[in-house]
Amino acid sequence: MSLPILYTFRRCPYAMRARLAVLSSGLQCELREVILRNKPPALLTASPKGTVPVLITASGEVLEESLDIMRWALEQSDPSDYWPKKDDLRSLSLVLIERNDGEFKRALDRYKYPDRYQHEADFDNAADYAMKYRRFGAQILEDLNQRIAGQGYLLGEQASLVDLALMPFVRQFAHTDKAWFAEQNWPALHQWLQQWLDSALMQSVMNKYTPWEEGEAPVLFGG
Ligand SMILES: N[C@@H](CCC(=O)N[C@@H](CS)C(=O)NCC(=O)O)C(=O)O
């Protein structure tokens, strides 16, 4: 039987969350590392929108949103109970992910790469623009810190899909200026991030793979 195929890019936070979920599910996939500026035709044929991650199931269904891939994996096998059973926790997860992928990602991109946004109406100069968006992002991080404080994870005392979904983005924000991040009064968030970064799960997810080429022997991931 053919394995599901996961097109991914090591440093993409959306692809990271998909790999985190697949790995924690224990399912096995064929991993295809992609270079974003040179996407393989097989990926674009399966998913013309051209983003990663993309997962093609064994039956040929194409999942082209990271959250769909996470749910696809955890709905089949979830040994760590990451996908909450209760409706209210599922709804809260989706609200937090939507804010992350919308407002927070927007702030992250403008803080990290201000020069790319010179055409925007509120752009004055790169340094001030970056700081403005760092402040927006920091408000959300402040909220995450409060949610984690006293319970350890975003939804409670147990890690969940929402921790996996947000962590790669918090990591990117933190790594943009590590000294600044470390100075912020967010002890719970600092500990939460460090714990994920040190985890065996995250270490495996960050393994390096050479970019995939058509006709190569499959690279197995997870399982
Ligand atoms: N909503 C998508 C977003 C995925 C996304 O934007 N991925 C970026 C890389 S981090 C991408 O593939 N961009 C296309 C490109 O840079 O060519 C998801 O959740 O999977």
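This one's a predicted model, so the numbers in the text were calculated from it and none came from an experiment. Atoms within a ligand are numbered from 1 in the order they appear, just like the ligands themselves.
- For atom 7 (N) of ligand 1, the nearest non-hydrogen atom of the protein is V52 O, 3.0 Å.
- Ring pair F123/Y129 is tilted by interplanar angle, where 30° to 60° counts as tilted.
- The protein non-hydrogen atom at the shortest distance from atom 20 (O) of ligand 1 is S66 N, 2.9 Å.
- Heavy-atom proximity to K39, at under 4.0 Å, picks out these atoms of ligand 1: 14 (C), 15 (C), 17 (O).
- Under the 30°/60° scheme for interplanar angles, the aromatic rings of W196 and Y153 are found to stand perpendicular.
- If you check each of L43, T8, D68, T51 against atom 13 (N) of ligand 1, the one with the closest non-hydrogen atom is T51.
- Aromatic rings from F181 and H175 are positioned such that their centres are separated by 6.0 Å or more.
- Ring geometry for H119 against Y117 counts as tilted: the plane angle lies between 30° and 60°, on a 0 to 90° scale.
- Here the protein heavy atom with the shortest distance to atom 14 (C) of ligand 1 is G50 O, 3.6 Å.
- Note: the hydrophobic cluster containing Y14 does not contain I56 (ILVMFWY, side chain heavy atoms under 4.5 Å, direct or indirect links).
- Closest to atom 10 (S) of ligand 1 among all protein heavy atoms lies C12 SG, 2.6 Å.
- Residues V52 and L43 meet the side-chain proximity criterion, which asks for heavy atoms closer than 4.5 Å.
- Residues forming a salt bridge (Lys or Arg N to Asp or Glu O under 4.0 Å) with D81 (at least two apart in sequence, or on another chain): K85.
- For atom 16 (O) of ligand 1, the nearest protein heavy atom (residue, atom name, distance) is L36 CD1, 3.7 Å.
- An N or O contact shorter than 3.5 Å links E65 to ligand 1 by distance.
- Below 4.0 Å from some heavy atom of P53 lie the following atoms of ligand 1, by number and element: 20 (O).
- Of all protein heavy atoms, the one closest to atom 6 (O) of ligand 1 is Y14 CE1, 3.7 Å.
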